[in-house]
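The structure appears below as structure tokens.
In what follows, every chain begins at residue 1, and chains take the letters A, B, ... in the order their sequences are listed.
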Amino acid sequence: MLMKETKDGSGNKTLEYRAEDIVDFAWTAWPGYSVFTDMWKNVKITLLLPGDRKDQVDRQLQAVKNALEYFSANVGPYPWPYVNVVDPPAQGSGAGGMEYTTMFTSESAAGMPSFVHLPEMVTIHEFGHAYFMGILESNEFEEPWLDEGVNTYWENRIVDHYYGSSSGMLDLPWLKVSDSEVTRLNYVRSGSRQASTNKPYSWQFPHGTYDMMSYSKAGVVLRTLMGIIGEETMNEIFREYYRRWAFKHPSGQDLIDVANEVNTKMNGDKFGPDLNWFFSQTLFGTGICDYRVSALINNPIRSSSDSLKQNVKKHKPSYLSDSTYNSKAELERIGDVMLPVEVLVHFSDGHEVKEKWNGQSRTKDFSYTGKFKLEWAKIDPDYRIAMDVNYINNSKTIKPDRVPERRMTDKFISFLQFFMNFISL
Amino acid sequence: MKILIAFKYSVLRTLKIWKAVLLIWFSSLLTAGMIGIPLKRALKAGFSNSTITERLAHGIRPEVFSDLGPVLKSMMSYISGGLLFAILVWFLLNVVFTGGLFHSLSKTENKFMIRNFLGDSAKKFWSFLVINIIMSLITAVVVFIIIVLPVNIITSSGTPDEGVLIKTVRILVLVFLVILPLLLLAADYARAWQAAHSKNECFRAIGFGFGNTFRTLFISWTAMVAILIVQVLFGWLVLSILPAYIPEKGGGVFLLFLLSQFLFFVKIMLKVWRYGSVTSLMEQKKAKAG
């Protein structure tokens, strides 16, 4: 906040600013900035961006308001009366995507189409640092996951909430890219995903793993935890973390202690006496999580009277079949990480059974006897275990849907035809 | 008036040689299918009997593909190699077909026969190949000089002003769009001239192409711009329909296939219409001079 402005008479002036409870500060000046202001409740939002980027103003201001609303509702109130957003010009793009308390830099470009949500993603992420290191003043160099990882988790949630869970990054009718899925991909497709744990200081991480370990793995781990203990418990953990540690210097263990306490308070011993089993395997472990449906079996039960019935069956429509089946879904845990999962089993008459598996054993069979065939089985049907490195093997069906493959191939062929025609004279 | 006569003449001739258009359509389907069908099999093998394809019900989701892991890597290398192969094959096929098309579109050809169409293509293959290569290279060089080079100079200057850069790119693209009809006219006149002459004289044909373009600049350029506007509008129609149509049932996919192939068939007709219009303009000028 500008406190004092003094001119010395020789064309120079001195500006004095004051800010309370901040851990960092920055200052910017450029004659090409256009300045826009807006309010969210009692918070004044000031946006500085190049004059030829006015088409990005509304979306940037809205992104800040979305972040303010979401963080205030689910973590804690934004304590300062202002927030300054700088969207640097192209020649200063190296300064984009950086956080300082009460001020941050974003990244956009003139003419950036509305279906690309990159500016919103950067704005929400950098705003989030007002909480995770601005208010909850953890040590980014010793425990980067507590800063970048936690913030990535919240960025994913906010972007999913306001811009679509499947279209947070790119939203075209025929191509959608989700922000949270991109975070997951950075982790599951990383060749070094088993190279390190989040135990050591960041400067001790193996080469080239900082981004994956600090941002993606931690973000995915927290998303997975939310999938297990639920969104409301997760929100309460962060509310309590905020209440207890705002403007103090929490460590990772402090957040885990809060998580254990809140989880026990809200869920009792449903997930064990504490959540240490989760954090030790995921955040501080090097194992991967991978579940697989290895087989679906439907064995008809034959009785001595079967041969007599055969003649009758020949004249019966198949849906009136009186066969009985011994059905079995065979599941496997391929990875080392043991997490509880739900299993959804679907039968040919349309009825479904939801099972639970604690994931401790290497294999698990679910067996059924009934008149209807087991049609498909899905481990983690709602894709809550974001750490699972392969969703494809999480399910198996006896009636695979080939329509999407055919549709995509047909489109590929026709677009290739148009492309070949386009580039030929 | 000359333009309208050329357009009318070309429409009639294009409709008359529909069998050639059908042949071109089928060849393009085979060429694209050579890449597309193995791709379908790879996808089938990759997704196996998983229900994950339900996540693709409403469009492409990159994260679903990324879980294919090593299968995706081999698919990508196959696609990139396959695309190059398809483009090369189509370039050669296009040379063959344009030879036959320009001949069939000329006044001297009264009855269309596939045998003559392919025969004319074969006779003048080398000449048409050289014309296509040279004109493609000239187009690439023009794109490089008009767009790539200036943008590269501006961006490598270190401090490009975003607004200036965007405005510059817009102006450069506009300049290129003004020049593009001239390049297409030169290529089409060259091929029409070669089709009308029995001897293979590709360089003379290119010389005629550029010469005739500038001799009849106003009429030719206006006609080509009108043709390109129709083609762009058609392209916009295709891009609005095909990506947005996402059928969820087998019948819908078959309909998509029929629709996309029909649209592509119309696209070829439009290109043949362009060739026919340029041929007619050339013949009108020749008749006037005669």
Side-chain angles (χ1 to χ4, degrees), chain A residues 32 50-53 89-91 109-111 166 170 172-178 181-182 184-185 188-189 293 296 376-378 381 383 389-425, chain B residues 28-29 31-33 35-37 39-40 43-44 46-54 56-57 59-64 66-69 83 86-87 90-91 94 132 135-136 139 159-163 165-166 184 187 238 242-244 246-250 253 256-257 260-261 264 267-268 271:
Chain A
D52 48 26
R53 215 181 278 176
Q91 61 265 45
S166 61
L170 191 67
L172 284 166
W174 50 278
L175 178 63
K176 295 186 189 301
V177 182
S178 149
E181 283 298 336
V182 169
R184 175 181 166 264
L185 291 188
V188 300
R189 293 273 74 87
V293 177
L296 294 182
W376 52 252
K378 289 181 196 175
Y383 304 100
V389 295
N390 186 357
Y391 280 156
I392 294 174
N393 65 9
N394 276 25
S395 59
K396 207 174 241 335
T397 173
I398 59 170
K399 284 183 182 171
D401 179 12
R402 302 286 177 214
V403 168
E405 293 158 18
R406 283 177 49 205
R407 186 188 67 224
M408 284 184 290
T409 316
D410 282 359
K411 285 195 177 188
F412 176 81
I413 288 174
S414 56
F415 280 106
L416 183 54
Q417 286 174 286
F418 277 100
F419 178 70
M420 291 188 308
N421 186 273
F422 176 74
I423 59 165
S424 54
L425 284 172
Chain B
S28 81
L29 185 63
T31 311
I35 316 300
I37 291 166
L39 183 70
K40 185 154 88 176
L43 281 175
K44 192 176 171 184
F47 290 131
S48 184
N49 284 0
S50 175
T51 63
I52 194 77
T53 48
E54 69 192 3
L56 300 169
I60 300 170
R61 299 274 300 268
E63 69 267 18
V64 174
S66 80
D67 277 2
L68 287 169
L83 276 178
I87 289 167
W90 186 248
F91 183 81
N94 190 51
N132 272 18
M135 290 312 297
S136 300
T139 311
T159 55
D161 185 280
E162 202 176 309
L165 184 65
I166 289 170
L184 293 175
V238 169
L242 291 190
I246 302 168
E248 290 172 20
K249 302 275 178 211
V253 174
L256 171 75
F257 175 75
S260 59
Q261 293 309 313
F264 184 64
K267 179 75 187 77
I268 303 170
K271 200 165 205 176

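- Under the 4.5 Å side-chain criterion, counting only non-hydrogen atoms from C-beta, B:I35 is in contact with A:L416.
- Taken from CD1 in A:I392 to CG in B:L68, the straight-line distance is 4.0 Å, to the nearest 0.5 Å.
- Side-chain atoms of A:S395 come within 3.5 Å of backbone N or O of B:T51 as a donor-acceptor pair.
- Separating the NZ atom in A:K378 from the CD1 atom in B:I52 is a distance of 9.0 Å, to the nearest 0.5 Å.
- Judged purely by atom type and a 3.5 angstrom limit, A:R407 uses its side chain to pair as donor or acceptor with the backbone of B:A57.
- In terms of heavy-atom pairs under 4.5 angstrom with chain B, the leader among A:M408, A:R402, A:K396 is A:R402.
- For chain B, no part of A:V293 is nearby; none of its heavy atoms comes within less than 4.5 Å.
- Highest contact tally toward chain B, considering only A:L296, A:I398, A:T397, is held by A:T397 [criterion: heavy-atom pairs under 4.5 Å].
- Residues B:P62 and A:V182 are not in side-chain contact: their nearest non-hydrogen atoms beyond the backbone lie 4.5 Å or more apart.
- Ranked by heavy-atom pairs shorter than 4.5 Å toward chain A, the options B:V238, B:L83, B:V253 are led by B:V253.
- Contact of A:A377 with chain B is not made at all, since no heavy-atom distance falls under 4.5 Å.
- Between B:L242 and A:F418, some side-chain heavy-atom pair lies under the 4.5 Å cut-off.
- Note that OH of A:Y391 and CG of B:D67 are 8.0 Å apart. Values are rounded to the nearest 0.5 Å.
- Contact of the A:K411 side chain with the B:L256 side chain is registered, since non-hydrogen atoms from C-beta on lie closer than 4.5 Å.
- Between atom CD of residue B:E63 and atom OH of residue A:Y383 there is a gap of 10.0 Å, rounded to the nearest 0.5 Å.
- Shown here for B:F264 and A:Q417, the closest heavy-atom pair between the two residues is CE1-O, 3.2 Å.
- Residue A:N393 holds its CG atom at 12.5 Å from CG of B:N49, rounded to the nearest 0.5 Å.
- Between chain B and the residues A:S424, A:P400, A:P89, A:P404, the most heavy-atom pairs under 4.5 angstrom are made by A:S424.
- Only the side chain of A:F412 has a heavy atom closer than 4.5 Å to any heavy atom of chain B.
- Only the side chain of A:T409 comes within contact range of chain B, with heavy atoms under 4.5 Å apart.
- Pairing each heavy atom of B:K44 with each of A:E405, the nearest pair is CA-OE1, 3.5 Å.
- Between B:W90 and A:I423, every side-chain heavy-atom pair lies at or beyond the 4.5 Å cut-off.
- B:F47 is not listed as a side-chain neighbour of A:D401, based on a closest heavy-atom distance of 4.5 Å or more.
- At a 4.5 Å heavy-atom cutoff, the contact between A:L425 and chain B is made by backbone and side-chain atoms alike.
- Of the residues considered (B:G36, B:A187, B:G59, B:S50), B:S50 shows the highest number of contacts with chain A, using heavy-atom pairs under 4.5 Å.
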request  = Check step by step if side-chain contact (heavy atoms from CB on, under 4.5 Å) holds for A:F419 and B:I87.
outcome  = CA-CA 9 Å; A:F419 178 70; B:I87 289 167; 3.6 Å; yes

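- Between the A:R189 side chain and the B:S66 main chain, a donor and an acceptor come within less than 3.5 Å of each other.
- Of all non-hydrogen atoms in A:A110 and B:I166, the two that sit nearest each other are CB-CD1, 3.5 Å.
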